[in-house]
Amino acid sequence: MIVWINGTHGVGKTTTSRLLAPLLPDARVLDPEKVGETLMDIHPQLWPADDFQHWDPWRPLVVETARQVLGSVGGTLVMPQTVLVERYWREIADGLAGHGIPVRHFVLHADEPTLRDRIEHDQVMGPSTFRSSRVGPYAEAARTWLHATAEVVDTTHTPPEQVARHIAEAVLGAPDASAPSPGQVRP
């Protein structure tokens, strides 16, 4: 199975994924961004784009990479990646479904002031205009399709450890998890 952790930059996907993997049996983190970085290393560049997700090979390569890893080692893949274009999400989700790979799609959410503050004061990456530029598109995706297709977990005032525990309980079917339906925001 795949546990896809979506949401905009600065919301806590990477941290949550790192904390979540040890809470799930036989789980590994597979970062789809590494597939994008591989494509970015092709020279000359495939074609100009402000985001590797716009390159057509990225989506099927993410699906194939996940399929190959799961076929080799089994277990669960925790995949932290922002996907804000609905067509791209459909390509990935349908590709995985076509291989019989179940996906639990979670969106980490935080209010805009919190997101902007996290991005501006990030101790590891520092301030980032690219990451800041994705806050608006995230809000639009959340409003139009994203929150309706996922289990939304609010990280505004929730520590990453608690977010990871909540997702693990939802995935494992713990009796107190009461997983929200798609579009429902949970703290």
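These numbers were taken from a predicted model, which means no experiment stands behind them.
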ILVMFWY cluster membership beyond M125 - transitive side-chain contacts under 4.5 angstrom: V124
Closest non-hydrogen atom pair, D31 against P80: OD1-O, 3.5 Å
Pairwise distance CD1(I119) to OG1(T8) - rounded to 0.5 angstrom: 6.0 Å
Nearest heavy-atom neighbours spanning A27 and A21: CB-O, 3.3 Å
Closest approach of P25 to L172 (non-hydrogen atoms, all atoms of both residues): CD-CD2, 3.8 Å
Main-chain N/O of I167 paired to R104 side chain as donor or acceptor, under 3.5 Å: no
L19 to A164 - nearest heavy-atom pair and separation: CB-CB, 3.8 Å
Atom pair NE2/OG1 of H109 and T156 - distance to nearest 0.5 Å: 5.5 Å
N/O donor-acceptor pair under 3.5 Å between T82 side chain and G7 backbone: yes
Within-4.5 Å side-chain heavy-atom neighbours: I101 and R67: yes
Gap separating the CZ atom of F106 from the CG atom of L20, nearest 0.5 angstrom: 8.0 Å
Aromatic ring proximity F130/H9, centre distance under 6.0 Å: yes
CG/D26: more than 12 non-hydrogen atoms of other groups inside 6.0 Å: no
Heavy-atom donor-acceptor pair, T16 side chain to K13 backbone, under 3.5 Å: no
CG-CD distance between L96 and E91, expressed to the nearest 0.5 angstrom: 11.5 Å
Any side-chain heavy-atom pair of R59 and W89 under 4.5 Å: no
Close side-chain approach of T76 and I2, heavy atoms under 4.5 Å: no
Where at least one partner belongs to residues 114-136, residue pairs that pass side chain to side chain donor-acceptor pair (under 3.5 Å), sequence neighbours excluded: D111-T114, E112-R116, D117-H121, R118-T155, D122-R131
Note, V171 side chain near M1 side chain (heavy atom, < 4.5 Å): yes
Intermediate values then yes/no, side-chain contact (heavy atoms from CB on, under 4.5 Å), L70 and L77: CA-CA 7 Å; L70 285 173; L77 291 180; 3.7 Å; yes
Check against side-chain contact (heavy atoms from CB on, under 4.5 Å), E37 and F52: CA-CA 8 Å; E37 289 174 5; F52 58 73; 5.5 Å; no
Centroid separation W47 to H54 less than 6.0 Å: no
Interatomic spacing from CD in E161 to CG in L23 - rounded to 0.5 Å: 10.0 Å
Reported CG-to-CH2 distance for the pair L39 and W55, which is rounded to 0.5 angstrom: 6.5 Å
Flag side-chain contact, heavy atom, 4.5 Å: H105 against N6: yes
Nearest atoms (heavy-atom pairs only) where Y88 meets Q53: CE1-O, 3.4 Å
Contact check, side chains of V107 and Y138, non-hydrogen atoms, under 4.5 Å: yes
Residues in ring-ring contact (aromatic ring centres under 6.0 Å, His included) contact with H99, at least two apart in sequence or another chain: none
Trace of the side-chain contact (heavy atoms from CB on, under 4.5 Å) decision for R28 with V73: CA-CA 10 Å; R28 292 171 170 77; V73 297; 3.7 Å; yes
Any W58 side-chain heavy atom under 4.5 Å of I92 side chain: yes
Heavy-atom side-chain contact between M79 and V3 under 4.5 Å: no
P32 to V62 - nearest heavy-atom pair and separation: CB-CG2, 4.0 Å
W4 (side chain) donor-acceptor with Q81 (main chain) under 3.5 angstrom: yes
